[in-house]
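Just follow the structure's listing: the first ligand is 1, and inside any ligand the first atom is 1.
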Amino acid sequence: MAVNADVMTFPLFINGKWEQSGNQEFFDVFNPANGEVAARVAKGTKEDVDKAVTAAREAFDHSDWKMMKPKERSNVLHSLARQIIANAEELAYLESISSGGTIRRIGSNDILQMADLFQTLANFVLQYPFSETLPSPPFPGPAHNFIWREPIGVCAAITPWNMPMLIACWKIAPALAMGNTVVIKPASYTPLSTLKLAEILSAELPDGVLNVVTGSGSEVGEALVSHPKVDKIAFTGSTEVGRKIMALAAGTIKHTTLELGGKSPNIILEDAELDIAIPGSLFGVFLHSGQLCESGTRLFVPDHLHDIIVEKLVQLASKLKPGNPLDSRTDMGPVISKKQKESILAYIEEGKREGARLVCGGKEWSVPGCEGGHFIEPTIFTDVTNDMKIAQEEIFGPVLTVIRYSSVDEAIKMANDTIYGLAAGVWTKDVNKAYKAARELQAGVVWINDWHMLRNDAPFGGYKQSGIGREMGKHSLDAYTQLKHVHTSMVPEIEHKSWYGLLFSETDEG
Ligand code: NAD
């Protein structure tokens, strides 16, 4: 495709300024709603990664950034939140034209969530136990002991394409809150909003504290996670790449947190309020065209309510409107790419081949005004068994699988029968049943009578192969610090340091 001469161009962002990549090469970023080139972005190299890590290392080792007082740091975080709001329109636009996310969701949810995360952590920083004093022990002798929580150093953040800005903030905000420096590599489909975000935030930060290197996972991503001067990796993406990252991190024993895939179970109990459970379950799976890691993709329904639930699901799903994500009336935008569209359609074919019954959608969606875009109809399969590929593998598209159950125990057993454990949900009017299910479901978050209810003051992350560690909430701050124990002896006379006798059998009495 010919590149329009006035197409936006983004270099790398290193050490507080825009930088050309060493090879001066660019790659195209496409708008998934029409297939056109949305921007051209620098194709980073290993040398660029080294440059960014060196800048981040320098900013960490040789500036006052890591020693900033909590009050001052809290003020910085508040000002970063203000910058996000002040630039909301441009950020939301850049995110929408590259990720295909609707401007309605990005503008009214993601941007506010991002700003709120910085504010929430700004408040946590003021109460964070950076230094704790331990009681003086009677043995082996009087001493003064501290536990200090110190920043880890240079953090490499690697992000996916589905909610690139929000997920970038899940890493940038706690890293900065604890005094670390960051090099971020966004997904190649969606680097625009992260680059702009880095420029905006860096106006409030010392040079080198926040850097972005764009480029492929295999070159830039791998160079970053194996760089000897990187201390921590925070990765969000597929479980498959997560395994690779963990292996690469082992080379230099880096602190590693992983937010990975999901195939989240959603259970409607027989006493559920169906007028809420049905739209709620569709909200749980079709928001952002099914491209959310914690989407409720496996819906478990009681045998005797199956037909009525399916009928209502199909009725409501058929009303969802596709369209240009920049149009605030659009319910569902495109999926990220032609490749992703083909992968989703292949799963739909596989579902049919495995014997599941297609009751809604299942095809490419043609959207007037968005010719060349990658749209897929909201798709619902019934007669699914939990062992089918469409019930076990992450499709990452608008595909709901409905599975019957005859007892709640059976539903919970099937719900947990997956390698994943990111989210789960249950719909019921009975709080006791709800908490029993929540206790038994193996997932990092359980929603009762709702979905997608993430909070900036609550931890988010996966059980099982959905990840290691948690983001958001005060717990996320721990993942960006390391503990140091400092012991000060209060025993000045050697004759009272009886424990030296563990080594010296004789003492000089003379
Ligand atoms: P992906 O794993 O293909 O890529 C994620 C990032 O890793 C990208 O920036 C990519 O360039 C980079 N990468 C790829 N190979 C690499 C390598 N060898 N070394 C270093 N970096 C490498 O994921 P995706 O397709 O961008 O995103 C979709 C996946 O992300 C889904 O599986 C989804 O469930 C998951 N996800 C998880 C969460 C969560 O919080 N748990 C949130 C959003 C998305």
Side-chain angles (χ1 to χ4, degrees), residues 27 29 32 41 43-44 46 49 98-101 110 113 156-171 183-191 194-195 212-227 230 233-251 254 256-264 285 287-297 335-337 339-341 343-344 393-397 418-423 443-445 452 454 458-473 476:
F27 62 91
V29 171
V41 174
K43 191 172 177 185
K46 279 184 188 169
V49 168
S98 52
S99 73
D110 297 19
Q113 290 282 339
I158 299 189
T159 50
W161 45 258
N162 61 334
M163 290 180 114
M165 251 192 320
L166 183 61
I167 293 173
C169 288
W170 291 355
K171 300 170 187 347
V183 179
I184 184 161
K185 189 211 95 62
S188 297
Y189 288 122
T190 54
T194 304
L195 283 159
V212 187
V213 183
T214 45
S216 71
S218 53
E219 179 161 5
V220 170
E222 290 199 14
L224 195 52
V225 295
S226 32
H227 198 291
V230 166
I233 301 165
F235 172 78
T236 298
S238 60
T239 296
E240 190 189 342
V241 175
R243 285 191 197 103
K244 242 188 217 174
I245 301 271
M246 209 166 165
L248 288 167
K254 296 189 196 309
T256 305
T257 42
L258 303 170
E259 294 282 355
L260 308 176
K263 192 75 190 177
S264 299
V285 69
L287 186 66
H288 197 16
S289 301
Q291 301 168 108
L292 296 173
C293 51
E294 31 70 283
S295 294
T297 46
V335 298
I336 188 69
S337 63
K339 187 169 164 228
Q340 184 68 7
K341 178 177 68 185
S343 158
I344 297 165
E393 295 186 12
E394 191 182 39
I395 300 173
F396 227 56
T418 160
I419 61 164
Y420 297 111
L422 194 53
V445 57
H452 295 309
L454 300 179
F460 175 62
Y463 277 34
K464 301 192 273 184
Q465 294 186 36
S466 286
I468 298 176
R470 295 292 179 268
E471 293 192 311
M472 298 188 281
S476 67

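Distance alone, capped at 3.5 Å, is enough to place a donor-acceptor pair between the Thr418 side chain and the Tyr420 backbone. In this structure a side-chain-to-backbone donor-acceptor pair under 3.5 Å is present from Gln291 to His288. Counting only distance, with no hydrogens or angles, the side chain of Lys341 and the backbone of Val335 share no donor-acceptor pair below 3.5 Å. Proximity of a side-chain donor or acceptor of Thr256 to a complementary backbone N or O of Lys254 within less than 3.5 Å is detected. The main-chain N or O of Pro191 is never found under 3.5 Å from a side-chain atom of Thr214 such that the two would form a donor-acceptor pair. A donor-acceptor pair under 3.5 Å is formed between the side chain of Ser466 and the backbone N or O of Gly421.
Remark: ligand 1 atoms within the under-4.0 Å shell around heavy atoms of Cys293 are 33 (C), 34 (O), 36 (N), 37 (C), 38 (C), 39 (C), 40 (O), 41 (N), 42 (C), 43 (C), 44 (C). In summary, the atoms of ligand 1 found under 4.0 Å from a heavy atom of Thr236, numbered by their order in the structure, are 5 (C), 36 (N), 37 (C), 38 (C), 39 (C), 40 (O), 42 (C), 43 (C), 44 (C). Residue-ligand proximity, Phe460 to ligand 1, at heavy-atom distances under 4.0 Å covers atoms 40 (O). Short contacts between ligand 1 and Ile245, defined as distances under 4.0 Å to a heavy atom of the residue, involve ligand atoms 19 (N), 20 (C), 21 (N). Close approach of ligand 1 to Gly221 is summarised as follows: ligand atoms under 4.0 Å from at least one heavy atom of the residue are 19 (N), 20 (C), 21 (N). With ligand atoms numbered from 1 in the order given, ligand 1 contributes 43 (C), 44 (C) to contacts under 4.0 Å with heavy atoms of Asn162. Atoms of ligand 1 lying under 4.0 Å from at least one heavy atom of Lys244, given by number and element, are 18 (N). Of all the atoms in ligand 1, the ones that sit under 4.0 Å from a non-hydrogen atom of Leu422 are 41 (N).
Side-chain contact between Phe396 and Asn162 is present, with heavy atoms from C-beta onward closer than 4.5 Å. Between Thr236 and Glu471, some side-chain heavy-atom pair lies under the 4.5 Å cut-off. When side chains are defined from C-beta on, Glu393 does not count as touching Lys263, because their heavy atoms never get closer than 4.5 Å. Under the 4.5 Å side-chain criterion, counting only non-hydrogen atoms from C-beta, Ile468 is in contact with Met246. Between Lys171 and Ile184, the closest side-chain pair of non-hydrogen atoms is not below 4.5 Å. Thr297 places none of its side-chain heavy atoms less than 4.5 Å from the side chain of Ile395.
Remark: among candidates Leu224, Thr190, Val241, the nearest residue to atom 15 (N) of ligand 1 is Val241, based on non-hydrogen atoms. Within the set Gly237, Pro164, Pro160, Ser216, the minimum heavy-atom distance to atom 35 (C) of ligand 1 is found for Gly237. The residue among Ile167, Thr159, Leu454, Leu166 with a heavy atom at the shortest distance from atom 6 (C) of ligand 1 is Thr159. The heavy atom nearest to atom 34 (O) of ligand 1, out of those in Arg243, Glu394, Gln291, is found in Glu394.
Within 4.0 Å of atom 4 (O) of ligand 1, not a single protein heavy atom is present.
Here CD of Gln465 is found 11.5 Å from CG of Leu258. Values are rounded to the nearest 0.5 Å. The distance from the CH2 atom of Trp161 to the OG atom of Ser99 is 9.5 Å, given to the nearest 0.5 Å.
Here the protein heavy atom with the shortest distance to atom 23 (O) of ligand 1 is Ser238 N, 3.5 Å. Looking only at heavy atoms of the protein, atom 12 (C) of ligand 1 is closest to Ile158 CG2, 3.7 Å. Atom 26 (O) of ligand 1 has its closest protein heavy atom at Trp161 CD1, 3.0 Å. The nearest protein atom to atom 13 (N) of ligand 1, hydrogens excluded, is given as Gly217 CA, 3.5 Å; this is a heavy-atom distance.
Ligand 1 has Pro186 within reach: a non-hydrogen atom of the residue lies less than 4.0 Å from it. Judged by the shortest distance from any of its heavy atoms, Val225 lies outside the 4.0 Å radius around the atoms of ligand 1. Proximity of Phe235 to ligand 1 is established by a heavy-atom distance of less than 4.0 Å.
Between Leu260 and ligand 1, at least one pair of N/O atoms sits closer than 3.5 Å. Where the criterion is an N or O separation shorter than 3.5 Å, residue side chain and backbone included, Glu222 meets it with respect to ligand 1. On a distance-only criterion, Trp170 and ligand 1 share no N/O pair closer than 3.5 Å. For ligand 1, the polar-atom distance check finds an N/O of Lys185 within less than 3.5 Å of one of the ligand's N/O atoms.
Here Phe396 has side-chain heavy atoms under 4.0 Å from ligand 1, and that is the only part of it that gets that close. Neither the backbone nor the side chain of Leu292 has a heavy atom within less than 4.0 Å of ligand 1. Counting heavy atoms closer than 4.0 Å to ligand 1, residue Thr239 contributes nothing at all.
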Is there a side-chain contact (heavy atoms from CB on, under 4.5 Å) between Phe460 and Glu294 once you walk through the steps?
CA-CA 10 Å; Phe460 175 62; Glu294 31 70 283; 3.8 Å; yes

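Annotation: Lys464, atom NZ; neighbour count of heavy atoms from other residues, nucleotides and ligands within 6.0 Å is above 12.
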